[in-house]
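Below is one structure, written out as structure tokens, with a few remarks after it.
Below, read A as the first sequence line, B as the second, and so on, with proteins coming before strands; counting in each chain starts at 1.
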Protein chains: 2
Amino acid sequence: MAQTDTVTRILDTAEVLFAERGFAETSLRNITGKAKVNLAAVNYHFGSKKSLIQAVFARYLDPFTERFHRALDDLEAHYDGQVIPLEELLETMARTVLEVPAERNSLKVFMKLLGLAYSQAQGHLRRYIQEEYGSVFTRFTELVRQATPDLPDAERFWRLHFMLGTVIFTLSGLDALRDIAEKDYGEHVTVRHLIRRLRPVVVAAMQAPLPEPVPAAAEAG
Amino acid sequence: MAQTDTVTRILDTAEVLFAERGFAETSLRNITGKAKVNLAAVNYHFGSKKSLIQAVFARYLDPFTERFHRALDDLEAHYDGQVIPLEELLETMARTVLEVPAERNSLKVFMKLLGLAYSQAQGHLRRYIQEEYGSVFTRFTELVRQATPDLPDAERFWRLHFMLGTVIFTLSGLDALRDIAEKDYGEHVTVRHLIRRLRPVVVAAMQAPLPEPVPAAAEAG
DNA sequence: CCCGGTTATAAACAGCTGTTTCAAACGTAG
DNA sequence: CTACGTTTGAAACAGCTGTTTATAACCGGG
């Protein structure tokens with residue numbers, strides 16, 4: 001099967017270049033040149049650049065959602081109707097994120113892509129990810145809801161997104177920060193170190209006291 | 001002075017389009033067309049697209065750094081050598097961020113631009129911001145160091161970036177999240193609401209317990 | 001009035017973009 | 001070996017990109 005070779009070579013090259021420079025800044029000639037593949041191969045195998053981008057994401061997100069669903073199944077079976085503690089849920093998510101790209105040793109690329117998916121407007125990508133992989137996130141948030149019954153729904157919604165920002169922002173900008181950290185603190189930091197650092201922070205953030213209600217008089221302006 | 005009109009019209013239009021679609025996705029013809037200005041005006045007044053991008057940032061960051069320095073001066077004078085509490089520092093930063101774009105009612109644009117500055121690789125932008133505005137951030141982190149003496153330096157470094165991620169990620173992606181929040185929780189959320197929500201979360205995150213040290217045996221892999 | 005520097009305009013530049021075309025090479029089933 | 005669907009290849013497409021050029025309009029000072 002010669003197709004497989006061309007297709008995976010395109011995907012392997014594209015994901016690296018996308019992660020390094022972004023989508024708009026990476027041309028098809030850039031990809032096909034580095035992948036030693038004919039220019040027309042992208043349109044032949046994927047149809048368009050948009051579809052290539054989505055295919056790059058699917059190659060990470062498909063195994064991720066599958067594993068994550070299975071991990072949540074296991075967790076629910078183990079707790080058998082009881083509420084799953086927040087730490088367990090976060091731990092499971094972190095473990096799954098770490099497992100998925102392990103074989104290709106490209107956790108960093110995966111993280112950068114996630115960051116790009118949020119920041120680069122690319123409307124089609126956001127829609128694609130939401131439609132394709134929204135359900136597993138919904139399932140996760142429902143479990144978080146049960147684990148944090150004292151949190152008002154809106155507050156939990158925002159805090160989850162706060163923490164999503166923390167994780168994606170940090171891990172996707174890792175390279176730049178790593179250099180500073182290594183120079184200033186003599187630490188060689190890996191993604192795994194960071195996740196260890198993130199855990200207590202995320203838990204504390206989710207359990208932080210509620211904000212003071214707005215004084216009614218100060219609402220305007 | 002006809003120059004002022006053309007220049008500000010370019011800047012006003014550019015910052016909105018950049019914030020909506022990103023830098024690479026926004027062409028000069030796009031900007032000049034919407035601004036009702038000749039195409040060559042950008043290169044005439046700014047020299048290049050890169051310089052335009054930097055000028056857009058400077059228009060926000062120059063007043064910001066000036067005000068922030070002044071606010072920190074006041075704070076230091078008021079505490080007169082005593083350690084400034086963490087909450088005060090965060091509060092001051094938040095207040096300054098809110099004040100700066102107030103006149104142009106474009107806080108949202110400012111936040112989106114900050115998000116782009118980090119996510120879009122755009123090496124020149126990161127360097128420009130670091131060189132031009134790094135000092136005020138250094139001053140701020142030193143005050144945070146004094147306010148959190150129990151935190152190891154490396155830990156504080158990372159937590160500050162965690163929180164930077166939380167804030168920028170949330171505020172720059174506000175529009176998409178706002179719609180969901182409004183639909184699901186009937187809340188109309190403004191940036192000011194979010195900052196109120198962010199405060200206890202950021203404080204709790206900075207004061208979270210330290211992560212468990214890595215078991216020596218588990219270091220490899 | 002008229003000159004001289006500043007700003008605006010339209011046109012053209014070379015280069016790159018994603019996509020399409022069509023012929024050549026391939027690999028396999030009959 | 002032949003015939004056929006699949007995959008590659010080189011070339012060309014129209015369209016857009018940032019930038020430059022040369023000309024024209026403007027406008028305040030002498």
Side-chain angles (χ1 to χ4, degrees), chain A residues 1-59 113 116-117 120-125 127-128, chain B residues 1-59 113 116-117 120-125 127-128:
Chain A
M1 242 193 260
Q3 172 191 354
T4 299
D5 191 51
T6 301
V7 167
T8 66
R9 197 143 77 236
I10 290 175
L11 287 173
D12 288 346
T13 313
E15 71 175 26
V16 172
L17 292 181
F18 284 155
E20 282 177 356
R21 318 179 205 176
F23 304 119
E25 294 87 347
T26 304
S27 72
L28 294 185
R29 283 170 181 79
N30 233 313
I31 297 170
T32 55
K34 194 159 193 171
K36 293 197 207 309
V37 151
N38 189 272
L39 168 62
V42 169
N43 287 280
Y44 176 76
H45 286 288
F46 297 93
S48 69
K49 187 180 180 181
K50 278 189 186 180
S51 306
L52 205 215
I53 295 175
Q54 296 177 358
V56 166
F57 274 85
R59 203 163 57 141
L113 290 176
L116 285 179
Q120 309 244 144
Q122 291 282 115
H124 75 97
L125 225 197
R127 257 175 280 125
Y128 171 78
Chain B
M1 236 194 262
Q3 173 191 353
T4 299
D5 192 50
T6 301
V7 167
T8 65
R9 198 143 75 234
I10 291 176
L11 287 172
D12 288 346
T13 312
E15 70 176 26
V16 171
L17 292 181
F18 285 155
E20 282 176 356
R21 320 181 203 176
F23 304 119
E25 294 87 346
T26 304
S27 73
L28 294 185
R29 283 170 180 79
N30 233 314
I31 297 170
T32 55
K34 195 159 190 169
K36 292 196 206 313
V37 152
N38 189 273
L39 168 62
V42 169
N43 287 278
Y44 177 75
H45 287 288
F46 297 94
S48 68
K49 188 181 180 180
K50 277 188 185 180
S51 306
L52 206 213
I53 295 175
Q54 296 178 358
V56 166
F57 275 86
R59 204 162 60 138
L113 290 176
L116 285 178
Q120 310 244 142
Q122 289 284 113
H124 75 95
L125 225 197
R127 256 176 280 124
Y128 171 78

**Complete:** A/L17 and A/T26 have their tightest heavy-atom pair at O-OG1, 3.4 Å

**Item:** A/T32: which of A/V42, A/T13, A/T6 passes side-chain contact (heavy atoms from CB on, under 4.5 Å)
**Value:** A/V42

**Message:** List the residues meeting side-chain hydrogen bond (donor to acceptor under 3.5 Å, both in side chains) with A/S51, not counting sequence neighbours, and say none if there are none.
**Reply:** A/S48

**Interatomic distance where CZ belongs to A/F46 and C1' belongs to D/dT8 [whole Å]** = 15 Å

**Asked** Could you write nucleotides 13-27 of chain D as a row of B, S and -, 5' to 3', where a protein heavy atom under 4.0 Å of any base atom gives B, of only sugar-phosphate atoms gives S, and otherwise -?
**Response** ----BBBB-------

**Request:** Report yes if at least one side-chain N or O of B/T6 is closer than 4.0 Å to OP1 or OP2 of C/dA8; otherwise report no.
**Result:** yes

**Prompt:** Nearest-Å distance, CG (B/N38) to P (C/dA8)?
**Reply:** 9 Å

**Message:** On the nucleotide D/dT8, are OP1 or OP2 found under 4.0 Å from the side-chain N or O atoms that A/H45 carries?
**Reply:** yes

**Asked** Do B/F18 and B/I31 have side chains that get closer than 4.5 Å, going by heavy atoms?
**Response** yes

**Prompt:** Ion pair present between B/D12 and B/R59, side-chain N to carboxylate O less than 4.0 angstrom?
**Reply:** yes

**Asked** With sequence neighbours excluded, what pairs up with B/A40 under the side chain to side chain contact (heavy atoms under 4.5 Å, CB included) test?
**Response** B/N38

